[in-house]
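Remarks on the structure that follows.
Fair warning: this is a prediction, and the values are worked out from it, not measured in the lab.
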Amino acid sequence: MGNSKSGALSKEILEELQLNTKFTEEELCAWYQSFLKECPSGRITQQEFQSIYAKFFPDADPKAYAQHVFRSFDANSDGTLDFKEYVIALHMTTAGKPNQKLEWAFSLYDVDGNGAISKNEVLDIVTAIFKMINPEDVKHLPDDENTPEKRAEKIWNFFGKKEDDKLTEEEFIEGTLANKEILRLIQFEPQKVKERLKEKKP
């Protein structure tokens, strides 16, 4: 059987990833090769993950956000991501069904991992997102969401929660599916990133 050092993806992992994601065998094998180039040990540490992330956001400070994203993907909490965790993470955030994406978003916001979100945790993540928004773009945000505090307040009010309430996963997913406005407020807008990447192409 191929192990992570051999440069070939083991059949079991390949089959499991094809079952759980929309990626093809070719895509998975190609990614595995580039994954091993970046991470010869077959695992990504939080530091490596942050530097990969930083390449996507050269004009921003994605460190805090990358830490939260890493934590939410590190399924077995061992402080590293293996190829399987990495691909499932990619799938969840790019090609996953709305519910899967929201389950992931919930784990992102559930900073202490206790199964419920507090208003402070919302503020934590929103603050990390703000560090990645270009200051110019922040100027164009509506008045009631142009600071992390205001945006966290707005999200919390949408869910109809009092200051010290907690938000369960079910409430989080149902509330967000029912209200597109919440979805816009809880995520870092990848559209902006896509536009920037387009600008960078010759």
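In terms of heavy atoms, Ile186 sits closest to Ala105 at CD1-CB, 4.4 Å. When all heavy atoms of Lys131 and Ala60 are compared, the closest pair comes out as O-CB, 3.8 Å. Scanning all heavy atoms of the two residues, the minimum distance from Phe70 to Thr80 falls at CZ-CA, 3.7 Å. Scanning all heavy atoms of the two residues, the minimum distance from Ala116 to Glu121 falls at O-OE1, 3.2 Å. A pairwise comparison of heavy atoms in Ile44 and Cys39 identifies CG1-SG, 3.4 Å as the closest pair. Nearest heavy atom pair, residue Lys161 against residue Leu167, reads CE-CD1, 3.6 Å.
With a 6.0 Å radius and a threshold of 12 heavy atoms from other residues, nucleotides or ligands, Lys150 has its NZ atom above the threshold. The local environment of CG in Asp164 is sparse, with at most 12 non-hydrogen atoms from other residues, nucleotides or ligands closer than 6.0 Å.
Interatomic distance, Gln187 CD to Ile182 CD1, rounded to the nearest 0.5 Å: 12.0 Å. Taken from CD in Glu169 to CG in Leu102, the straight-line distance is 9.5 Å, to the nearest 0.5 Å. Rounded to the nearest 0.5 Å, atoms CG (Leu185) and NZ (Lys180) are 13.5 Å apart. Here the CD1 atom belonging to Ile133 is positioned 5.5 Å from the CG atom belonging to Leu141, to the nearest 0.5 angstrom. Rounded to the nearest 0.5 Å, atoms CG (Asn76) and CG (Asp74) are 5.5 Å apart. A distance of 6.5 Å separates CD of Glu145 from CD of Glu181, quoted to the nearest 0.5 Å.
Pairs passing the side-chain hydrogen bond (donor to acceptor under 3.5 Å, both in side chains) check and including a residue from residues 95-107, sequence neighbours excluded, read Ser72-Trp104. Among residues at least two apart or in separate chains, salt bridge (charged side-chain N to carboxylate O under 4.0 Å, His left out) pairs with a member in residues 39-51 are Arg43-Asp78.
A side-chain donor-acceptor contact under 3.5 Å links Asp110 to the backbone of Asn114. The closest donor-acceptor contact from the side chain of Gln33 to the backbone of Ala30 lies at 3.5 Å or more, if one exists at all. Put simply, the side chain of Arg151 never gets that close to the backbone of Asn146: no donor and acceptor are under 3.5 Å apart. Asn157 contributes no side-chain N or O that, together with a main-chain N or O of Gly160, makes up a donor-acceptor pair within less than 3.5 Å.
Inter-residue side-chain proximity for Lys22 and Glu27 is flagged as unmet; no heavy-atom pair is nearer than 4.5 Å. Proximity of Ile13 to Ser10: side-chain heavy atoms (C-beta onward) are separated by under 4.5 Å at one or more points. At least one side-chain heavy atom of His68 sits less than 4.5 Å from a side-chain heavy atom of Val111. In this structure, Phe159 and Thr176 have side chains that are in contact, with non-hydrogen atoms separated by less than 4.5 Å. Here the side chains of Phe49 and Val69 are in contact, with some heavy-atom distance below 4.5 Å.
Under the side-chain contact (heavy atoms from CB on, under 4.5 Å) criterion, Gln18 pairs with Leu14, Glu25, Leu28, sequence neighbours left out. For the ring pair (Phe, Tyr, Trp, His ring centres under 6.0 Å) test, residues two or more places apart in sequence or in another chain that qualify with Trp31 are Phe23. When the side-chain contact (heavy atoms from CB on, under 4.5 Å) test is applied to Gln47, the partners found at least two apart in sequence or on another chain are Thr45, Gln50. In this view, Asn20 and Glu16 satisfy the side-chain contact (heavy atoms from CB on, under 4.5 Å) rule, not counting sequence neighbours. Residues satisfying the salt bridge (Lys or Arg N to Asp or Glu O under 4.0 Å) test with Glu136, not counting sequence neighbours, are Lys139. Contacts of Glu15 classified as salt bridge (Lys or Arg N to Asp or Glu O under 4.0 Å), with partners at least two apart in sequence or in another chain: Lys11. Scanning for salt bridge (Lys or Arg N to Asp or Glu O under 4.0 Å) contacts around Glu163 gives Lys119, with sequence neighbours left out. Residues passing the ring pair (Phe, Tyr, Trp, His ring centres under 6.0 Å) test with Tyr86, sequence neighbours excluded: Phe35. Qualifying side chain to side chain donor-acceptor pair (under 3.5 Å) partners for Asp144, counting only residues two or more places apart in sequence or in other chains: Lys154. Under the rule for a side-chain contact (heavy atoms from CB on, under 4.5 Å), the partners of Glu174 that lie at least two apart in sequence or sit in another chain are Glu170.
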Steps toward side-chain contact (heavy atoms from CB on, under 4.5 Å) verdict (Lys166, Ile117): CA-CA 5 Å; Lys166 293 268 191 275; Ile117 297 175; over 6 Å; no
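Under the side-chain contact (heavy atoms from CB on, under 4.5 Å) test applied with Ile125, the options Thr127, Leu123, Ile129 reduce to a single match, Ile129.
The aromatic rings of Tyr109 and Phe172 lie tilted to each other, with the angle between the two planes from 30° to 60°.
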